[in-house]
Amino acid sequence: MARSTARKRALNTLYEADEKSQDFLSLLEERKARPGAQTPLPAYAVTIVEGVAGHRQHIDDALEAHSTRWPLSRMHAIDRNILRIAAWEMLYNPDVPDKVAIDEALSLAKTLSDADAPSFIHGVLSALEQEKDEHQARREQADRIAALADAEADADASDDESYKAKAEAASAESVSSEDAHADSDSESATSRYEDGGSDQSALSLDQLKLTLPEELAPDTDCPSGD
């Protein structure tokens, strides 16, 4: 299927989602599952919607920078999404020449928008084309910053896990030491109890000796054989 048709189908999906304030990818999944009376979405239409959704913030910022007449939020939804498709092709799809992306956007505008739309869209996209390299440089810088931030976050998470593991190991060692100390105290107490029991038993015998009648008490002064 021709890419011109795919662009129009992608525009239908973006426009509908925009009007409903629905997430682009959410509506895309619905259209892929239930295309209705139309044929299934062309592969390139799906690629466009996914690309616009994935880079929406940067695309919108670039368009805002070159729209001197209207902010993006005040544009007609058709014009806004025609611009988004063309900007995605210019900034993110090297297979499509800038001139082709602009011409295709103008063709959609002439067919689907009002009489003033083509000149307005042409002005915005021409300005974007002239500063395309600058926008790409800013995008690459933003991507590098994001990558560094992710790397730092991963490093912090790794440090946190290492600290947690060390803390758990130290806690386990402390508990083991306390248990060993408790066992030692228990053994000492048991030993003291056993020694004390022996002394108490001997004392009881002496006391018993004192209570025996004199004739039954053993004579410690006399030899046992006499």
Side-chain angles (χ1 to χ4, degrees), residues 1-67 70-114 117-118 120-129 131-132 135-136 138-147 149-150:
M1 185 177 290
R3 282 191 169 183
S4 295
T5 303
R7 289 183 182 90
K8 187 174 181 180
R9 295 291 299 277
L11 177 61
N12 290 342
T13 303
L14 294 172
Y15 170 73
E16 183 181 353
D18 206 348
E19 285 287 276
K20 293 179 177 180
S21 298
Q22 184 176 351
D23 179 72
F24 289 161
L25 295 180
S26 171
L27 185 62
L28 175 63
E29 292 304 314
E30 292 179 16
R31 292 293 165 266
K32 286 164 65 176
R34 297 184 298 276
Q38 299 185 15
T39 58
L41 281 172
Y44 189 59
V46 173
T47 299
I48 291 173
V49 176
E50 291 176 341
V52 170
H55 303 285
R56 180 173 179 175
Q57 187 61 57
H58 182 251
I59 289 170
D60 286 359
D61 289 346
L63 293 173
E64 286 274 14
H66 299 294
S67 176
W70 297 101
L72 206 65
S73 60
R74 294 190 59 193
M75 295 179 192
H76 192 283
I78 284 287
D79 298 344
R80 181 165 56 238
N81 289 290
I82 289 174
L83 285 168
R84 282 171 171 160
I85 291 172
W88 173 77
E89 288 188 315
M90 294 169 68
L91 297 174
Y92 292 96
N93 188 358
D95 293 338
V96 178
D98 293 347
K99 295 298 183 185
V100 173
I102 294 172
D103 287 345
E104 289 291 329
L106 294 177
S107 178
L108 289 171
K110 289 173 183 176
T111 305
L112 302 172
S113 194
D114 58 36
F120 169 68
I121 288 173
H122 183 269
V124 174
L125 294 179
S126 295
L128 177 61
E129 181 186 19
E131 298 187 15
K132 176 180 174 179
H135 283 291
Q136 289 179 328
R138 285 202 295 266
R139 185 192 73 201
E140 291 172 359
Q141 182 181 17
D143 290 344
R144 285 195 296 270
I145 292 173
D150 290 342

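What you see is a predicted model; the values in this text were computed from it and never measured. We use all heavy atoms of the structure for the numbers below, so side chains are in, but hydrogens, waters and symmetry mates are not.
For the pair A62 and L91, the tightest heavy-atom approach, listed with the atom from each and the gap, is CB-CD1, 4.3 Å. The nearest pair of heavy atoms linking I59 to A87 is CG2-CB, 3.8 Å.
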Without placing hydrogens or testing angles, list every side-chain donor-acceptor pair under 3.5 Å for residues 101-110, not counting sequence neighbours.
unit_1: E104; atom_1: OE1; unit_2: S4; atom_2: OG; d: 3.0
unit_1: E104; atom_1: OE2; unit_2: S4; atom_2: OG; d: 3.2

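Sorted by first and then second residue, the salt bridge (Lys or Arg N to Asp or Glu O under 4.0 Å) pairs involving residues 73-83 (not counting sequence neighbours) are D18-R80.
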Where do V49 and L27 land on the side chain to side chain contact (heavy atoms under 4.5 Å, CB included) test, with the steps shown first? CA-CA 10 Å; V49 176; L27 185 62; over 6 Å; no

Worked verdict on M90 versus L128 for side chain to side chain contact (heavy atoms under 4.5 Å, CB included): CA-CA 9 Å; M90 294 169 68; L128 177 61; 4.2 Å; yes

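Counting only heavy atoms from C-beta outward, the side chains of L14 and F24 approach each other to under 4.5 Å. Looking only at side-chain heavy atoms (C-beta outward), M75 and L83 come within less than 4.5 Å of each other. In this structure, R9 and P42 have side chains that are in contact, with non-hydrogen atoms separated by less than 4.5 Å. Counting heavy atoms from C-beta outward, L25 and E29 have side chains that stay 4.5 Å or more apart.
Side-chain contact check for N81 and R84: at least one donor-acceptor pair (N or O, by modelled atom type) lies under 3.5 Å. Side-chain atoms of N12 and E16 form no donor-acceptor pair, as typed in the model, at a separation below 3.5 Å.
Checked by atom type and distance alone, the side chain of S126 pairs as donor or acceptor with a backbone atom of H122 at under 3.5 Å. Not one N or O on the side chain of R7 forms a donor-acceptor pair closer than 3.5 Å with the backbone of I48. A donor-acceptor pair under 3.5 Å links the side-chain atoms of D114 to the main chain of A117, judged by distance alone.
Atom OG of S67 and atom CG of D60 lie 11.5 Å apart (nearest 0.5 Å). Distance check: T47 OG1 to N93 CG gives 8.5 Å after rounding to the nearest 0.5 Å. One distance of note links CD of E64 with CG of L72; it measures 5.0 Å at 0.5 Å rounding.
The aromatic rings of Y44 and W88 sit tilted, their planes meeting at an angle between 30° and 60°.
Under a 4.0 Å N-O distance rule, the pair E129/K132 does not qualify as a salt bridge.
Across V100, V96, D95, a single residue satisfies side-chain contact (heavy atoms from CB on, under 4.5 Å) together with E89, and that is V96.
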